[in-house]
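Scroll down for the structure; my scribbles are underneath it.
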Amino acid sequence: MTSSSAAQPLRGRAVLVTRPVHQAEKLARLVSEAGGEAVLFPALAIESPADPAPVREMLASLASFDLAVFVSPNAVEHGLALLRGAWPAAVPVAAVGEGTAATLRRNGIITVVVPPGGADSESLLAMPQLKSLRGKRVLILRGEGGREVLAEELRQRGAEVTYAECYRRLRPRADPSALIARWEHGGLHAVTVMSGETLDNLWDMLGSHGQQLLRTTALFAPHANIAQRAADLGLTEVAITPPGDEGLLRGLSAWFSLDTR
């Protein structure tokens with residue numbers, strides 16, 4: 001490998017970025033800096049709740065909780081936007097992953113319980129601060145719907161768990177014809193997804209012909225659950241990467257640095 005290819009491992013590679021519009025810039029920049037081309041096709045949209053009043057009311061009683069858990073950067077941004085006043089210093093905060101913790105810190109919440117290296121509910125549940133919660137009130141800030149693993153396990157540990165669903169995840173309306181035309185002519189070499197829901201949305205948006213193209217393209221995802229969903233859909237080249245945008249880049253770089261790729 002030449003020093004040039006080592007510095008730009010994605011040179012000549014086009015990478016599909018499916019993150020929501022407001023979150024795609026960082027991964028696109030990382031791909032570009034590694035010599036690749038980021039092809040933007042958002043397969044997930046994030047919007048405020050149709051009726052934010054219940055969340056505002058829940059957050060008004062925030063001081064009565066013993067712990068607040070943010071499940072994503074979106075939960076931080078939308079949850080804090082609905083909070084009237086400052087975060088009560090007496091309520092400790094936990095985050096599912098370093099990306100969420102970093103967003104909290106940027107918003108002035110510096111002390112955060114966050115799993116080292118992991119970025120899922122299981123990793124957070126392994127933290128000692130979440131082991132003894134009997135009789136404690138826990139507020140989980142998340143989007144509408146989603147995994148129940150965190151709440152179910154906290155309830156098993158004796159906690160009273162309440163949700164504050166502070167945003168919605170939607171499937172965008174977009175015409176994939178230009179993307180599929182490019183794909184057909186070999187103009188797309190990798191696909192990145194950050195969640196199973198994003199993958200399901202992309203699958204539905206592409207239609208039957210696009211689905212066949214997806215099945216023959218390397219997919220990069222930061223969690224085994226997403227990889228399993230991809231396998232269920234018939235994708236055969238799936239790489240599990242470290243968490244976050246940097247993790248996706250590391251996975252992409254390792255994959256395309258191999259001489260056989």
Side-chain angles (χ1 to χ4, degrees), residues 19-20 22-23 25-27 30 46 48-49 52 55-56 58-167 169 194-195 222-223 225 241-250:
R19 300 206 73 181
H22 69 289
Q23 294 178 321
E25 186 277 333
K26 182 178 180 181
L27 181 57
L30 291 173
I46 304 296
S48 299
V55 181
R56 285 200 181 101
M58 183 69 63
L59 293 174
S61 64
L62 185 57
S64 68
F65 287 90
D66 300 292
L67 176 67
V69 181
F70 290 84
V71 305
S72 68
N74 286 316
V76 177
E77 293 165 358
H78 286 262
L80 295 184
L82 293 170
L83 173 66
R84 291 189 174 98
W87 187 269
V91 180
V93 174
V96 178
E98 181 54 42
T100 303
T103 306
L104 283 162
R105 296 183 193 110
R106 286 196 298 271
N107 282 274
I109 300 176
I110 306 303
T111 302
V112 182
V113 175
V114 58
D120 55 22
S121 298
E122 292 83 355
S123 299
L124 180 60
L125 287 165
M127 297 293 290
Q129 295 91 331
L130 273 73
K131 292 297 185 183
S132 300
L133 293 174
R134 183 162 300 281
K136 303 295 185 180
R137 299 187 73 221
V138 179
L139 182 66
I140 297 178
L141 293 94
R142 69 171 192 171
E144 295 176 1
R147 298 180 74 205
E148 299 292 332
V149 171
L150 181 60
E152 288 175 355
E153 179 57 30
L154 292 178
R155 289 182 179 122
Q156 287 291 323
R157 297 178 186 183
E160 176 190 335
V161 180
T162 303
Y163 284 125
E165 295 186 322
C166 48
Y167 63 95
R169 296 179 300 271
M194 292 292 283
S195 69
H223 199 282
N225 289 344
T241 74
D245 293 320
E246 292 86 353
L248 284 171
L249 181 70
R250 285 168 57 190

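In this structure, CG on Leu130 lies 5.0 Å from CG on Leu124, to the nearest 0.5 angstrom. Put simply, OG1 on Thr241 and CG on Leu248 are 4.0 Å apart, with the number rounded to the nearest 0.5 Å. Rounding to the nearest 0.5 angstrom, the gap separating the CD1 atom in Ile140 from the CG atom in Leu150 is 4.0 Å. Remark: Phe65 CZ to Leu139 CG distance equals 4.5 Å, nearest 0.5 Å. With values rounded to the nearest 0.5 angstrom, Leu125 atom CG is found 7.0 Å from Glu122 atom CD.
Lys131 approaches Ala126 most closely through the heavy-atom pair CE-O, 3.7 Å. The two residues Pro242 and Arg250 make their nearest non-hydrogen contact at CG-CZ, 3.7 Å. Between Cys166 and Ala75, the shortest heavy-atom distance links the atoms SG-O, 3.7 Å. Listed here is the closest heavy atom pair of Tyr167 and Ser72: OH-OG, 2.9 Å. Heavy atoms only, all atoms of each residue included: Pro243 and Pro222 are closest at CA-CB, 4.1 Å. In plain terms, the two heavy atoms of Leu62 and Val91 that are nearest each other are O-CG2, 3.6 Å.
With respect to Asp120 and Arg147, no salt bridge is recorded, no charged nitrogen being found less than 4.0 Å from a carboxylate O.
Looking at residues two or more places apart in sequence or on another chain, you find no side-chain hydrogen bond (donor to acceptor under 3.5 Å, both in side chains) involving Lys136. With sequence neighbours left out, the side-chain hydrogen bond (donor to acceptor under 3.5 Å, both in side chains) criterion links Glu25 to no other residue. Partners of Ser121 under the side-chain hydrogen bond (donor to acceptor under 3.5 Å, both in side chains) rule, at least two apart in sequence or in another chain, do not exist in this structure. Partners of Ser48 by side-chain hydrogen bond (donor to acceptor under 3.5 Å, both in side chains), not counting sequence neighbours: none found.
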- Please test Phe70 against Val112 for side-chain contact (heavy atoms from CB on, under 4.5 Å), starting from the C-alpha separation and ending with a verdict. CA-CA 10 Å; Phe70 290 84; Val112 182; over 6 Å; no
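Using modelled atom types, one finds no donor on one side chain facing an acceptor on the other under 3.5 Å when comparing Glu144 with Tyr163. A side-chain donor from one of Asn74 and Gln23 sits under 3.5 Å from a side-chain acceptor of the other.
Evaluation of the salt bridge (Lys or Arg N to Asp or Glu O under 4.0 Å) test over residues 153-165, restricted to residues two or more places apart or in two chains, returns Arg137-Glu160, Arg142-Glu165, Glu153-Arg157.
Few gaps surround CZ on Arg56; more than 12 heavy atoms of other groups in view lie less than 6.0 Å from it.
Side-chain contact between Ser195 and Arg19: absent, with no pair of heavy atoms (C-beta onward) separated by less than 4.5 Å. At least one side-chain heavy atom of Ile109 sits under 4.5 Å from a side-chain heavy atom of Leu80. For the pair Val69/Val113, no side-chain contact is recorded, criterion being any heavy-atom separation below 4.5 Å from C-beta on. Side-chain atoms of Leu141 and Leu59, non-hydrogen and from C-beta on, do get closer than 4.5 Å to each other.
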When the side chains of residues 94-104 are checked against the rest of the protein, which donor-acceptor pairs come out under 3.5 Å, sequence neighbours left out?
{"from": "Glu98", "atom 1": "OE2", "to": "Arg105", "atom 2": "NH1", "distance (Å)": "2.5"}
{"from": "Thr100", "atom 1": "OG1", "to": "Val96", "atom 2": "O", "distance (Å)": "3.4"}
{"from": "Thr103", "atom 1": "OG1", "to": "Gly99", "atom 2": "O", "distance (Å)": "3.0"}
{"from": "Thr103", "atom 1": "OG1", "to": "Arg106", "atom 2": "NH2", "distance (Å)": "3.1"}

